[in-house]
Amino acid sequence: HVQYAKDSGGYDGIARVIVKGGQIQKNQNKLVIKDAAEVLLLVRIKPLDEGSRTEASAIKNELATLPADYEKLHRPHALQHSNMFLRSALDLGAASQWKTTSTDDMLDYIHSKGISPLFLEQIYAMGRYLLISSSGKYPPPLQGIWGGGWNPAWLGGFVFDSNVNLAISAISTGDLSECAQSYFDYVKNVLPGWRLNAKNYLGTRGFMVAHYADPEKGYLNHYLNEYPWMYWPGGAGWNFMPFYEHALLNGDTVFMRKEVLPLYREMADFYEDYLVKGSDGYFHIYPGISPENSTRGSHTLISKDATMDVAIAKEVFEHLLKMGKILNLPKQETDKWKSFYNKMVPYRINQDGALAEWVPVDSPDNYAHRHNSHLYPVFPGTEFLQPGVSPDLLKATKVALDKRFTYDTESAHGLIHVALMACRLQDTVKVKTNLDRFARRNYFYKGLVTSHNPEHNIFNLDGVLSFQRLMYEMMVFSQPERITLLPACPADFPDGTLKGVRIHGGHKVDITWLRGKLGSATIYAGKEEDCEIRYGNLSNKVSLKSGKVYSCNDQLNIVNIR
């Protein structure tokens with residue numbers, strides 16, 4: 001039993017020890033077991049709101065009712081877990097090595113030689129395992145449900161300006177609706193706190209999401225002069241975007257109407273209160289923040305018209321307009337959203353030809369930074385990937401990514417973040433290079449959990465959790481009624497198959513490749529729609545019917561429908 005010294009909480013930890021054969025004796029504070037054929041430990045740790053009380057008796061009674069048989073305990077768990085785990089799988093032909101190659105040998109290999117098929121398979125699988133295991137009452141914070149020490153960096157909490165965002169990035173593409181629900185339930189639980197933040201700090205309706213807040217209530221409680229997080233208007237849009245993506249990936253208009261639309265309507269209320277219309281006729285955003293960077297020479301994050309803030313505001317109104325068409329919303333409402341969308345301040349291309357991180361010309365870029373917030377319109381957003389985007393903006397975005405890539409972040413999640421953006425820009429060189437960096441720098445502990453920095457510095461899950469999303473983005477990129485196959489697969493990537501990727505429209509896809517080129521693809525249609533399939537310079541428009549399975553060859557010809 002533990003009662004915390006600095007708050008009212010605590011916990012009880014109870015273990016039931018079951019021995020088959022042999023002897024068990026109590027020796028002071030130890031149990032000594034000799035000659036046992038099997039020892040089964042049933043452990044329950046119960047958090048307590050009031051550490052002055054104990055629930056030990058109740059916990060012992062609960063443990064006493066469990067069967068003293070490992071297989072009986074394990075079987076139902078394994079069935080439920082494997083059902084989730086096996087919905088998607090990466091196969092690079094390394095199955096025979098799983099039992100013959102030790103983890104130590106695998107890690108030694110990648111440290112000296114870079115990625116291997118075994119490494120890629122195991123980290124993909126481990127990411128799914130960790131995501132499933134650490135999603136429950138809460139989604140995974142920085143350290144999931146584990147910890148590398150008693151005093152973790154950043155208190156092991158929820159950091160909402162890339163860490164949580166990347167950690168949960170595979171919840172829907174990986175067809176893990178249970179993990180998605182864990183994230184959605186958590187966010188909905190802290191909405192009252194996020195509303196209160198907006199009201200108290202900014203005097204607005206809607207939500208204000210700090211990058212770091214009270215994990216139970218969502219209240220902003222992280223104050224530093226150089227980190228004025230009460231002025232981050234883009235936080236809500238970034239953290240609500242997975243709701244919208246989930247609705248599209250599952251083709252679920254009921255979820256869209258019931259869960260997504262109300263949140264986005266409140267965000268529109270926030271922007272109506274917060275945006276400032278300038279003499280130039282455009283809506284501006286200030287104060288604002290580009291996490292966690294500042295303009296060259298500045299000692300505070302606070303800024304005007306941070307590109308990320310502008311991009312997220314535009315995305316909120318764009319998503320509302322799209323939902324307006326899907327859900328047949330009133331024209332008066334959609335017209336108002338359109339008026340904001342059309343008048344957001346334009347992005348700026350700086351003197352280096354790069355997409356500027358801040359729109360004002362007197363805000364010089366600081367390229368030497370681990371965050372890439374201004375590239376939000378490429379990932380996780382898609383504004384710059386839509387038909388009709390300005391070629392100049394797209395070119396400037398590539399230059400901006402070049403600048404960040406040259407900086408070469410040390411953070412594991414930063415490497416994956418850059419690689420995800422490179423996937424969307426079909427830059428296989430950057431994808432391949434960051435995979436190599438990810439493998440060689442000793443981010444991986446022997447348990448295959450990642451550290452934040454190289455050489456096992458700071459236990460952190462977001463690197464290994466976001467790796468799944470990187471595999472999906474390398475092999476399949478989807479938007480409504482459009483699927484791109486192998487957009488960012490390097491030519492020398494190991495041959496293989498990726499199964500069970502959920503794509504826009506409620507469909508799923510399996511894909512195989514050989515020497516970096518398409519072998520075949522199979523689409524499991526979730527609803528009826530016309531969908532354009534793309535691969536390189538090839539394209540084919542297919543009329544999908546719900547429940548049908550479509551197989552295509554390397555020329556995108558449909559060779560089988562069943």
Do any N or O atoms from the side chain of [X] and from the backbone of [Y] form a donor-acceptor pair under 3.5 angstrom?
| X | Y | answer |
| --- | --- | --- |
| Gln426 | Cys423 | no |
| Asn83 | Leu79 | no |
| Tyr227 | Leu301 | no |
| Asp510 | Gly500 | yes |
| Trp513 | Ser520 | no |
| Thr484 | Pro487 | no |
| Glu121 | Leu92 | yes |
| His456 | Phe444 | yes |

- [ ] Using the ring of Phe405 (Phe, Tyr or Trp, six-membered ring only), decide whether Arg437 places NZ or CZ under 6.0 Å from its centre and within 45 degrees of its axis.
- [x]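 Yes; both conditions hold, so Arg437 lies above the ring face of Phe405.
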- [ ] Please confirm whether Lys508 makes a cation-pi placement over Tyr524, using NZ or CZ under 6.0 Å from the six-membered ring centre and within 45° of the ring normal.
- [x]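 So Lys508 doesn't make the cation-pi contact.
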TODO: For His374, check side chain to side chain donor-acceptor pair (under 3.5 Å) against everything at least two apart and list the hits.
DONE: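 His374 satisfies side chain to side chain donor-acceptor pair (under 3.5 Å) with no other residue.
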Greater than 12 external heavy atoms within 6.0 Å of [X]'s [atom1]:
| X | atom1 | value |
| --- | --- | --- |
| Tyr445 | OH | yes |
| Gln23 | CD | no |
| Tyr367 | OH | yes |

Open item on the list: Before you tell me yes or no, could you show the steps for His246 and Phe184 under ring pair (Phe, Tyr, Trp, His ring centres under 6.0 Å), namely the whole-Å CA-CA distance, both residues' side-chain angles and the distance that decides it to 0.1 Å?
Closed with: CA-CA 10 Å; His246 184 77; Phe184 300 152; 5.2 Å; yes
Would you say that [X] contacts [Y] through its side chain, given a criterion of any heavy-atom pair below 4.5 Å between the two side chains?
| X | Y | answer |
| --- | --- | --- |
| Leu415 | Leu435 | no |
| Leu176 | Ile132 | yes |
| His504 | Phe477 | no |
| Gln468 | Ser169 | no |
| Val542 | Leu556 | no |

Do [X] and [Y] have their ring centres less than 6.0 Å from each other?
| X | Y | answer |
| --- | --- | --- |
| His369 | Tyr407 | no |
| His211 | Trp238 | no |
| Tyr183 | Tyr138 | no |

One thing to verify: whether [Y] and [X] come together as a salt bridge, which I'm taking to mean a side-chain N less than 4.0 angstrom from a carboxylate O.
| X | Y | result |
| --- | --- | --- |
| Lys432 | Asp436 | no |
| Arg469 | Glu245 | yes |
| Asp427 | Lys398 | no |
| Arg44 | Asp12 | no |
| Glu410 | Arg441 | no |
| Asp185 | Lys137 | no |
| Arg87 | Glu178 | yes |

Can a side-chain donor-acceptor contact be found between [Y] and [X] if the only test is distance below 3.5 angstrom?
| X | Y | result |
| --- | --- | --- |
| Asp105 | Ser102 | yes |
| Tyr376 | Glu315 | yes |
| Tyr124 | Tyr472 | yes |
| Gln386 | Thr382 | yes |
| Glu216 | Tyr186 | no |
| Glu357 | Asn293 | yes |
| Thr512 | Thr497 | no |

Open item on the list: Under the salt bridge (Lys or Arg N to Asp or Glu O under 4.0 Å) test against Asp175, which residue among Arg128, Arg502, Lys499 passes?
Closed with: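 Result: among Arg128, Arg502, Lys499, Arg502 is the only option passing the salt bridge (Lys or Arg N to Asp or Glu O under 4.0 Å) with Asp175.
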- [ ] Please round to the nearest 0.5 Å and tell me the distance separating atom CG of Asn540 and atom SG of Cys531.
- [x]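 These two atoms lie 10.0 Å from each other.
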TODO: Find the distance between CG (Leu66) and NZ (Lys72) and round it off to the nearest 0.5 Å.
DONE: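 Taking CG in Leu66 and NZ in Lys72, the distance rounds to 12.0 Å.
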Search all heavy atoms of [X] against all heavy atoms of [Y] and return the closest pair with its distance.
| X | Y | result |
| --- | --- | --- |
| Pro117 | Ala94 | C-CB, 4.0 Å |
| Val17 | Val39 | CG1-CG1, 4.1 Å |
| Ile416 | Ser466 | CG2-OG, 3.3 Å |
| Gly127 | Leu465 | O-CD2, 3.5 Å |

Task: Parallel, tilted or perpendicular: rings of His77 and His81 (30°, 60°) - done: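 His81 vs His77 ring planes: perpendicular.
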Task: Parallel, tilted or perpendicular: rings of Phe160 and Phe158 (30°, 60°) - done: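 Because their plane-to-plane angle is under 30°, the rings of Phe158 and Phe160 count as parallel.
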